[in-house]
Structures are given as C-alpha cells and as structure tokens.
Amino acid sequence: QVQLVESGGGLVQAGGSLRLSCAASGSIFSIDDMGWYRQAPGKQRELVATISRGGSTNYPDSMKGRFTISRDNSKNTVYLQMNSLKYEDTAVYYCNAPLITTILMKRYYNIWGQGTQVTVSS
C-alpha cells in the first residue's frame, strides 16, 4: 500500500508565505508526475501545479507567479512554496500522484493525500 501525507498548512496573514510538503510512503520504486490541487469551501477542486519526475513544471495561468512546485525524488516528496498569499488562497490543499510503482512493480493509480488546510487571514 502507498500513501501520500501532506503537511505544512496553517494560518497565515495575507502577504505571508507557507511551504507545503507531501511525502509518499510505502515500498516505492518510482513516482511519475506529482501535483498540488486545492479546494475552497463551496468550490470545485482546482489544479495548482504539477511536476514531472524530471522536474518539468506546469502551472495554470491563474497560479503563475506566487506558487512554486518542486520535488526531491530521493525522499519521494513534493513541495509547494506559496508566497504573497491572499485571502482567496484559503483552501484545503491536496497532493496527487497519478501513478506510483512499488518495488514489487505493483502500480497504484490516482493517489490522493488527505489534504492540509491553509487559511489566509485578511
């Protein structure tokens, strides 16, 4: 079994910064793309950023400039640096991995973390 666990959320004032982490656990052989999504109350879940195993990043236009995704393959961990936070960034942030392969070559698809709450006070 594999698992994604997010951490680093919390309460921050507008204009502040937070760094989220998402660590994958289990007997992992490889993780392909990883991504961050968020869901605000009453809204649909939306993409924040994705990163390939090789480090290529992708951001929707609305997320460019203040968010930076990175990963450490040796730690099976992906990060999200969030700067100049706004009240509208308040949401639960989720980590996602479309495909995780274990050392036994078992594949797990579309794995989600439990989410971490980010609250930005105005």
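Computed from a predicted structure; not experimentally measured.
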Calculate, to the nearest 0.5 Å, the distance between atoms [atom1] and [atom2] belonging to [X] and [Y] respectively.
X      : Y      : atom1 : atom2 : value
Met82  : Tyr93  : CE    : OH    : 5.0 Å
Ile100 : Ile111 : CD1   : CD1   : 5.5 Å
Ile28  : Tyr108 : CD1   : OH    : 10.0 Å
Thr68  : Trp36  : OG1   : CH2   : 13.5 Å

Side chain Glu6, main chain Gly115, donor-acceptor under 3.5 Å:
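A pair under 3.5 Å: yes.
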Begin from the C-alpha positions of Thr90 and Gln117 and carry the test side-chain contact (heavy atoms from CB on, under 4.5 Å) through to its verdict.
CA-CA 8 Å; Thr90 296; Gln117 176 71 46; 4.0 Å; yes
Here the pair of heavy atoms bringing Val5 nearest to Gln114 is CA-OE1, 3.7 Å
Any pair counted as side-chain hydrogen bond (donor to acceptor under 3.5 Å, both in side chains), so long as it reaches residues 7-18, sequence neighbours left out:
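Only Ser17-Asn83 qualify under side-chain hydrogen bond (donor to acceptor under 3.5 Å, both in side chains).
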Under the disulfide (SG to SG under 2.5 Å) rule, what pairs show up with a residue in residues 19-118, not counting sequence neighbours?
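Passing the test, one end in residues 19-118: Cys22-Cys95.
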Can you sort out the partners of Tyr37 under ring pair (Phe, Tyr, Trp, His ring centres under 6.0 Å), two or more places apart, ordered by chain and number?
Trp112
Hydrophobic clusters here meaning ILVMFWY residues chained together by side-chain heavy-atom distances under 4.5 Å, can you tell me if [X] and [Y] are in one?
X     : Y     : answer
Val92 : Met63 : no
Ile31 : Val78 : yes
Tyr59 : Tyr94 : no
Met34 : Leu47 : no

What pairs with [X] under side chain to side chain contact (heavy atoms under 4.5 Å, CB included), at least two apart in sequence or on another chain?
X     : result
Ala14 : Val120
Ser70 : Tyr79
Ser27 : Ile103
Ala23 : Thr77

Which one of Ile69, Leu80, Leu20 satisfies the side chain to side chain contact (heavy atoms under 4.5 Å, CB included) criterion with Val48?
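So, applying the side chain to side chain contact (heavy atoms under 4.5 Å, CB included) to Val48 and each of Ile69, Leu80, Leu20, only Leu80 qualifies.
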Could you give all pairs that pass the salt bridge (charged side-chain N to carboxylate O under 4.0 Å, His left out) test and reach [range], with sequence neighbours left out?
range           : value
residues 90-107 : none
residues 45-54  : Arg38-Glu46
residues 66-75  : Arg66-Asp89

Is there a side-chain contact between Thr50 and Thr57 in this structure, where contact means two heavy atoms from C-beta onward sitting under 4.5 Å apart?
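No - every pair of side-chain heavy atoms lies 4.5 Å or more apart.
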Only counting residues at least two apart or in another chain, list the ones meeting salt bridge (Lys or Arg N to Asp or Glu O under 4.0 Å) with Asp33.
none
Leu99: hydrophobic cluster co-members (side-chain, 4.5 Å)
Tyr109
Begin with the C-alpha distance, continue with both residues' side-chain angles, and end with the deciding distance and a verdict on side-chain contact (heavy atoms from CB on, under 4.5 Å) for Thr119 and Val12.
CA-CA 6 Å; Thr119 303; Val12 62; over 6 Å; no
